[in-house]
Amino acid sequence: MSGRIPTLGGNYFVKGMRRDKPQSMSKSWKLIYQYTKGHRFLFFLSIFMIGVESLFTAMAPSYISDMTNIMTDGLYTGNIDLEAVSYLGLICLALYLCGTLAMFLRNYWMADISQYVARDMREAMDRKMDRLPMRFFDSCRKGDVMSRFTNDSDTVGFALNRSLSVFIHGVFLLIICTILMLLTDLVLAGVAIITATVGMLISLLVINRTQKYYREQQRNIGNMYGLVSELYTTHDVVLAYSATEINKKRFDDINESLRISGFRSEITMGLLPALMGCVGNLGYVAVCIVGSVMVINGDIRMGTVVAFILYVKMFMGPLDMISSSMGNIQAAGAGAERIDEFLKMEEMPADSNGKHHEPVEGRVEFRDVHFGYSEDSETIKGFSAKIEPGQKVAIVGATGAGKTTTVNLLMRFYDVWSGDILIDGKSIKDMSRESLRSMFCMVLQDTWLFEGTIRSNIAYCTDASEEEVMEACRQVGLDRFIESLPDGLDTVIATKNSLSEGQKQQICIARALVDKSPMLILDEATSNVDTRTETVIQNAIDSMMEGRTSFVIAHRLSTVRNADLILVMKDGSIVEKGTHDELLSRNGVYMDLYHSQFEMED
Ligand SMILES: Nc1ncnc2c1ncn2[C@@H]1O[C@H](COP(=O)(O)OP(=O)(O)OP(=O)(O)O)[C@@H](O)[C@H]1O
Ligand SMILES: [Mg+2]
């Protein structure tokens with residue numbers, strides 16, 4: 001069975017990603033198969049065990065047939081050969097027991113393999129995250145990515161564990177059963193096969209319909225994940241804008257679609273067992289009638305009819321197994337495709353292995369840098385600047401001028417379109433991103449804290465001692481607050497709302513303070529703290545800047561005035577540069593900014 005698998009809705013893929021290209025079921029399962037690498041021996045042993053189980057289960061009816069014949073013979077002669085019956089009974093028992101053992105083993109191994117496969121898929125996606133360009137995070141829907149990590153990998157694991165075994169078991173049983181029936185009696189085999197074929201056709205029809213509903217269901221699950229994660233992260237905004245009603249409607253719409261698609265797939269899938277049961281019963285009746293006529297005519301014996309009744313049951317079983325496992329196998333194919341799609345997303349250009357030579361002097365040069373977030377609009381238009389080691393550079397400009405973007409380029413969160421950025425004369429393209437980023441400690445415009453203690457947030461990725469962490473807290477004026485907490489530094493920051501914005505900024509600055517990297521970037525680092533705290537922090541920042549090349553983006557004059565070099569940005573390029581006094585005397589853009597923005601503080 002092959003099918004076009006859905007790509008879940010939304011326009012969250014960045015350019016260059018495949019989303020419309022149809023893929024086949026076999027391709028998706030080939031991908032799943034690739035993930036069984038390392039467990040292939042057990043994988044094939046499990047399939048072998050399914051074969052053993054199927055063979056043993058299918059062989060039992062012929063012994064039951066012999067037992068029946070001995071018993072019916074005994075009815076005529078009045079003497080049932082109990083020894084032969086018990087001998088055959090023991091063989092049957094042994095067959096069923098061995099079949100059960102084989103089933104247990106393949107269940108065990110398959111469960112093991114499937115969990116490894118799901119784990120490896122999640123791991124591959126996690127590794128992929130590190131290689132995705134920042135552009136991806138700008139445009140992807142978080143909920144959709146989450147659903148690939150959890151729902152899709154789970155679906156694959158489940159199908160591999162349960163449905164694949166059931167499917168293969170069904171196919172094996174079907175083949176073995178057909179052979180045994182043909183060997184036993186051609187006419188009765190014909191009757192059983194014709195009824196089964198009718199059953200098969202009906203189930204194919206049902207499966208075809210269900211496939212559509214399954215796609216719909218997967219798409220709706222993705223949408224639901226997306227909406228829930230959006231609503232969760234923007235809960236306060238939703239409340240503030242009284243947007244509860246609108247969001248309720250959005251939620252209800254998706255929820256209702258999910259219900260309908262779920263109901264449709266369940267109901268059509270649920271039809272299958274009923275239909276199969278009905279066809280199976282028809283099969284019994286047909287075999288009984290034709291069989292009785294043949295027994296009366298002396299063509300076959302009673303045991304053969306009994307064996308055929310068992311065969312028909314066994315024959316319908318696999319059809320049912322195949323059709324019911326198909327749904328999960330399809331869902332897993334769709335899941336694997338979504339995972340594959342994620343893994344094939346365009347990556348950042350390969351990283352250079354180059355390292356920066358130690359020690360870092362801190363000479364930074366922007367050489368005619370051009371860059372845009374999308375191909376059709378240029379954000380940075382020919383940015384050039386030379387910064388000497390240890391200089392304190394302030395970047396100022398109106399909102400949207402491109403200040404943060406410049407920093408993003410310096411850190412290689414994005415790559416320049418043309419031009420170059422050099423550190424100590426070496427292009428940042430020739431350094432690994434890791435070694436480049438390790439040269440800077442930074443406080444970003446968006447405060448970033450993770451779930452953990454205040455201590456771990458400050459000492460992030462360093463082996464700072466308790467004293468160093470506490471000293472950093474003192475320098476940013478956070479010591480009193482921390483002392484007032486019952487758990488002090490070990491207080492867990494559980495939610496994004498448990499600290500004020502200013503406190504979050506203080507923690508981020510403290511993090512930069514314990515980080516001993518040779519250069520410094522501060523993007524609106526103190527925009528949320530009050531002026532008194534800012535004065536405290538400013539002292540800490542000043543000492544941190546001592547001898548370090550520093551980039552400071554600030555709207556406040558106090559932070560800018562003492563800079564060695566002020567770069568004034570407008571629409572993505574530098575329109576003026578110089579010291580505070582030089583720029584003021586020039587009577588240009590800085591002068592305007594100074595009057596409009598800084599005057600009030602002065
Ligand atoms: N991730 C992004 N994707 C697309 N466009 C972006 C992205 N980030 C910024 N921009 C756009 O690039 C331009 C420059 O943004 P940037 O963040 O560099 O401004 P800024 O000077 O730092 O402003 P502010 O003072 O408000 O922080 C803006 O027009 C903005 O809309
Ligand atoms: Mg900014």
Side-chain angles (χ1 to χ4, degrees), residues 14-16 129-140 142 345-352 356 362 364-387 393-423 426-448 460-461 505 508-509 511-512 515 517-527 548-555 565 567-574:
V14 299
K15 274 182 196 152
M129 285 278 249
D130 298 338
R131 298 193 301 271
L132 286 170
M134 218 41 121
R135 245 171 349 118
F136 168 79
F137 298 95
D138 291 340
S139 60
C140 79
K142 211 161 101 190
M345 283 177 189
E346 196 185 306
E347 295 187 1
M348 290 187 282
D351 212 1
S352 155
H356 188 278
V364 180
E365 184 180 350
F366 291 86
R367 227 181 247 172
D368 193 26
V369 171
H370 290 262
F371 169 77
Y373 288 101
S374 64
E375 274 155 36
D376 42 11
S377 94
E378 195 177 28
T379 305
I380 299 294
K381 303 158 186 160
F383 186 100
S384 295
K386 266 190 186 170
I387 293 111
V393 185
I395 305 177
V396 298
T399 287
K403 304 180 295 290
T404 302
T405 308
T406 314
V407 166
N408 284 342
L409 294 175
L410 178 61
M411 297 294 283
R412 261 189 95 190
F413 290 145
Y414 300 85
D415 282 314
V416 297
W417 282 358
S418 67
D420 207 354
I421 302 174
L422 303 109
I423 293 178
K426 186 171 179 179
S427 168
I428 56 170
K429 281 185 205 143
D430 299 331
M431 303 173 197
S432 71
R433 290 184 184 85
E434 202 187 327
S435 86
L436 168 70
R437 287 167 197 165
S438 70
M439 282 187 240
F440 293 91
C441 47
M442 62 187 304
V443 182
L444 295 175
Q445 192 165 15
D446 296 327
T447 47
W448 174 80
Y460 188 62
C461 289
Q505 280 197 333
C508 289
I509 297 165
R511 183 190 293 153
D515 186 353
S517 304
M519 287 186 275
L520 181 69
I521 295 173
L522 301 170
D523 190 351
E524 296 291 346
T526 53
S527 56
R548 283 175 172 178
T549 307
S550 316
F551 295 84
V552 182
I553 300 173
H555 285 302
L565 176 67
L567 304 176
V568 186
M569 285 192 78
K570 194 178 173 193
D571 296 335
S573 47
I574 297 175

Within this structure, what is the [atom1]-[atom2] distance for the pair [X] and [Y], rounded to the nearest 0.5 Å?
X: C508; Y: M442; atom1: SG; atom2: CE; answer: 10.5 Å
X: S573; Y: L567; atom1: OG; atom2: CG; answer: 11.5 Å
X: L444; Y: E524; atom1: CG; atom2: CD; answer: 12.0 Å
X: S418; Y: H370; atom1: OG; atom2: NE2; answer: 4.5 Å
X: L436; Y: L410; atom1: CG; atom2: CG; answer: 6.5 Å
X: W417; Y: T379; atom1: CH2; atom2: OG1; answer: 7.0 Å

Next item on the list: Please confirm whether F371 and F383 have ring centers closer than 6.0 angstrom.
Entry: no
Next item on the list: Walk me through it: do K403 and F551 pass the test side-chain contact (heavy atoms from CB on, under 4.5 Å)?
Entry: CA-CA 10 Å; K403 304 180 295 290; F551 295 84; over 6 Å; no
Quick one, [X] and [Y] - any side-chain contact, counting heavy atoms below 4.5 Å?
X: V568; Y: V396; answer: yes
X: N408; Y: M134; answer: no
X: R437; Y: F413; answer: yes
X: M348; Y: P133; answer: yes

Return the minimal non-hydrogen interatomic distance between [X] and [Y], and the atom names on each side.
X: I574; Y: S384; answer: CD1-O, 3.2 Å
X: A512; Y: C441; answer: O-SG, 3.7 Å
X: M431; Y: M439; answer: SD-CE, 3.4 Å
X: I380; Y: V369; answer: CG2-O, 3.5 Å
X: V416; Y: G419; answer: CG2-O, 3.6 Å
X: G382; Y: D368; answer: CA-OD1, 3.3 Å

Around atom [atom1] of [X], are there more than 12 heavy atoms from other residues, nucleotides or ligands closer than 6.0 Å?
X: D446; atom1: CG; answer: no
X: R367; atom1: CZ; answer: no
X: K570; atom1: NZ; answer: no

Check: Is the closest side-chain donor-acceptor distance between T405 and Y414 under 3.5 Å?
Finding: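 No - no donor-acceptor pair under 3.5 Å links their side chains.
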Margin query: List the residues meeting salt bridge (charged side-chain N to carboxylate O under 4.0 Å, His left out) with D415, not counting sequence neighbours, and say none if there are none.
Written below: R412, R433
Notebook entry, point to check: Taking only residues two or more places apart in sequence or in another chain, which ones pass side-chain hydrogen bond (donor to acceptor under 3.5 Å, both in side chains) with R548?
Noted result: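 R548: no side-chain hydrogen bond (donor to acceptor under 3.5 Å, both in side chains) contacts found.
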Check: For F366, which of I387, D420, L422 qualifies under side-chain contact (heavy atoms from CB on, under 4.5 Å)?
Finding: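 Passing option: I387.
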Note to self: Checking F136 against R131 for the side-chain contact (heavy atoms from CB on, under 4.5 Å) test, could you report, in this order, the C-alpha distance in whole Å, the side-chain angles of both residues, the deciding distance, and whether it holds?
What the structure shows: CA-CA 10 Å; F136 168 79; R131 298 193 301 271; over 6 Å; no
Check: Is the backbone N or O of Y373 less than 3.5 Å from a side-chain atom of S377, with the two atoms forming a donor-acceptor pair by type?
Finding: no
